[in-house]
Colleague: 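Attaching a single structure in structure tokens format; questions to follow.
Computed over heavy atoms, backbone and side chain alike; hydrogens, waters and symmetry mates excluded.
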Amino acid sequence: MGEKEKNKKNKKQKHQHPNDQTTKPTSASSSSSSDNISFKPSSEVKGLKFGGQFIVKSFTIRRARPLELLKILSYPPAVVTKTNNNNNNKTPFASTTSYLPTNFTILAHHAWHTLTLGLGTKTSKVVLFVFESESMKQAVDRIWPPEIPLGEVNKKLIRGFTGFEMARFKFRKGCITFYVYAVRRQGNMGFACADDLRTILQSVVALNDFLDHTAMLAMPNQRSISYCTPQVAMAAH
């Protein structure tokens with residue numbers, strides 16, 4: 001009986017922590033932290049999930065500007081200032097490319113949810129790629145499209161990225177699901193930008209749930225997810 005209860009408890013804990021890669025001690029060094037990340041060839045790593053709602057695959061996401069990434073992560077301005085002072089005004093997360101929902105996607109999710117009487121999802125997806133170097137990120141940005149349908153992300157940005165390995169992290173934050181991918185060349189050891197990856201993961205975990213991102217479109221000066229104030233940006237409880 002004791003062994004059965006122990007097995008049941010272990011299964012429950014595993015269900016509660018699907019992103020166990022994010023639970024590593026934050027005090028660990030960059031090298032040891034990167035060794036704990038589970039990388040797979042890009043052809044084998046899990047992609048975006050859509051369930052049975054295939055219409056969502058036609059919804060689009062766009063490449064975000066650097067400051068938009070900081071805002072959606074609710075990255076403290078004080079931290080940004082400190083980082084800039086220590087790195088000669090270097091932009092935080094310079095090795096990261098992020099994709100946010102377009103205005104069309106935000107409105108389409110809302111319309112789809114209404115037309116299906118609440119059965120259609122209104123959960124948007126935010127996709128972040130943390131590369132092992134800034135030069136890799138810059139090279140990829142020249143190849144990858146600035147805007148892409150969600151249904152093509154798996155084929156063109158993930159599985160089509162041959163010669164590379166990725167580690168995938170997924171977080172549900174209310175009406176936004178975050179997908180974070182760490183990217184390195186196949187055969188490389190460790191992860192050079194482990195500090196950036198850890199900071200991004202910690203920031204996403206710390207976020208409150210987004211309750212309704214369509215509210216961002218309600219104000220004249222607020223036409224996209226690139227909001228101007230924390231009150232509009234984080235519709236959280």
Colleague: Could you walk me through whether Leu128 and Tyr179 pass side chain to side chain contact (heavy atoms under 4.5 Å, CB included), step by step?
Modeller: CA-CA 6 Å; Leu128 288 76; Tyr179 290 85; over 6 Å; no
Colleague: Is a side-chain donor or acceptor of Ser203 paired with a backbone partner of Leu73 at a separation under 3.5 angstrom?
Modeller: no
Colleague: Nearest heavy-atom pair of Arg62 and Pro101: which atoms, and what distance?
Modeller: NE-O, 4.2 Å
Colleague: Report the distance from atom OG of Ser98 to atom CD1 of Ile72, rounding to the nearest 0.5 Å.
Modeller: 8.0 Å
Colleague: After noting the C-alpha distance and the side-chain angles of Thr177 and Thr123, does the key distance pass the side chain to side chain donor-acceptor pair (under 3.5 Å) rule?
Modeller: CA-CA 7 Å; Thr177 299; Thr123 300; 5.3 Å; no
Colleague: For the hydrophobic clusters of this structure (ILVMFWY residues joined by side-chain heavy atoms under 4.5 Å, transitively), does one cluster hold both Leu201 and Ile37?
Modeller: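 Yes; Ile37 is reachable from Leu201 via cluster members.
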Colleague: Is Glu68 salt-bridged to Arg65, cutoff N-O under 4.0 Å?
Modeller: yes
Colleague: What pair of heavy atoms forms the shortest contact from Thr60 to Glu147, and how long is it?
Modeller: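 Scanning both residues, the minimum pair turns out to be OG1-OE2, 3.8 Å.
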Colleague: Do the side-chain N and O atoms of Thr97 and Lys137 include a donor-acceptor pair separated by under 3.5 angstrom?
Modeller: yes
Colleague: Does the Arg185 side chain pair with the main chain of Gly187, one donor and one acceptor, at a distance under 3.5 Å?
Modeller: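 Absent.
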Colleague: Under a 4.5 Å side-chain heavy-atom rule over Ile, Leu, Val, Met, Phe, Trp and Tyr, are Val126 and Phe104 clustered together?
Modeller: no
Colleague: I'd like a table of donor-acceptor pairs (distance under 3.5 Å, sequence neighbours excluded) in which one partner is a side-chain atom from residues 154-164, with atom names and distances.
Modeller:
residue, atom, partner, partner atom, Å
Asn154, OD1, Leu48, N, 2.7
Asn154, ND2, Leu48, O, 3.2
Lys156, NZ, Glu152, OE1, 2.9
Arg159, NH2, Val45, O, 3.0

Colleague: Is there a path of hydrophobic side-chain contacts, each under 4.5 Å between heavy atoms of I, L, V, M, F, W or Y residues, that connects Leu69 with Leu67?
Modeller: yes
Colleague: Tell me, do Pro149 and Ser58 make a side-chain contact under 4.5 Å, heavy atoms counted?
Modeller: no
Colleague: Using side chain to side chain contact (heavy atoms under 4.5 Å, CB included), reason through Phe129 and Val180 one step at a time and then give a plain yes or no.
Modeller: CA-CA 6 Å; Phe129 295 91; Val180 183; over 6 Å; no
Colleague: Any idea which heavy atoms bring Asp209 and Arg172 closest together, and the distance?
Modeller: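 So the minimum-distance heavy-atom pair works out to OD1-O, 4.4 Å.
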Colleague: Please determine, by modelled atom types, if Arg168 and Ser38 share a side-chain donor-acceptor pair under 3.5 angstrom.
Modeller: no
Colleague: Tell me, do Trp144 and Arg63 make a side-chain contact under 4.5 Å, heavy atoms counted?
Modeller: yes
Colleague: Is Val56 reachable from Val127 through a run of hydrophobic residues whose side-chain heavy atoms are each under 4.5 Å from the next?
Modeller: yes
Colleague: May I ask you to test the Tyr75-Thr199 pair for a side-chain heavy-atom distance under 4.5 Å?
Modeller: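 The answer is yes; the side chains approach within 4.5 Å.
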Colleague: Applying side chain to side chain contact (heavy atoms under 4.5 Å, CB included) to Ile200 and Val130, what does each step give before you reach the verdict?
Modeller: CA-CA 9 Å; Ile200 287 174; Val130 185; 3.7 Å; yes
Colleague: Show, in sequence, the C-alpha distance, side-chain angles and deciding distance for Phe93 and Leu70, and conclude whether the side chain to side chain contact (heavy atoms under 4.5 Å, CB included) test is met.
Modeller: CA-CA 9 Å; Phe93 312 131; Leu70 300 182; 3.6 Å; yes
Colleague: Aromatic ring centroids of Phe178 and Phe169 under 6.0 Å?
Modeller: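 Ring centres of Phe169 and Phe178 not closer than 6.0 Å.
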Colleague: Can you name the nearest heavy-atom pair linking Leu197 to Ala182, along with the distance?
Modeller: CD2-CB, 3.7 Å
Colleague: Please round to the nearest 0.5 Å and tell me the distance separating atom OG1 of Thr105 and atom CG of Leu100.
Modeller: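 Reported value, rounded in 0.5 Å steps: 10.5 Å.
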Colleague: Would you call Glu165 and Arg184 a salt bridge, using N to O less than 4.0 angstrom?
Modeller: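 The answer is yes: the pair qualifies as a salt bridge.
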Colleague: Under 4.5 Å between side-chain heavy atoms, hopping through other hydrophobics if needed: is there a path connecting Phe131 to Tyr181?
Modeller: yes
Colleague: Can you confirm if the aromatic rings of Phe59 and Trp112 lie within a centre distance of less than 6.0 Å?
Modeller: no
Colleague: Determine, for Tyr99 and Lys125, whether the Lys NZ or Arg CZ falls below 6.0 Å from the six-membered ring centre while staying within 45 degrees of the axis.
Modeller: no
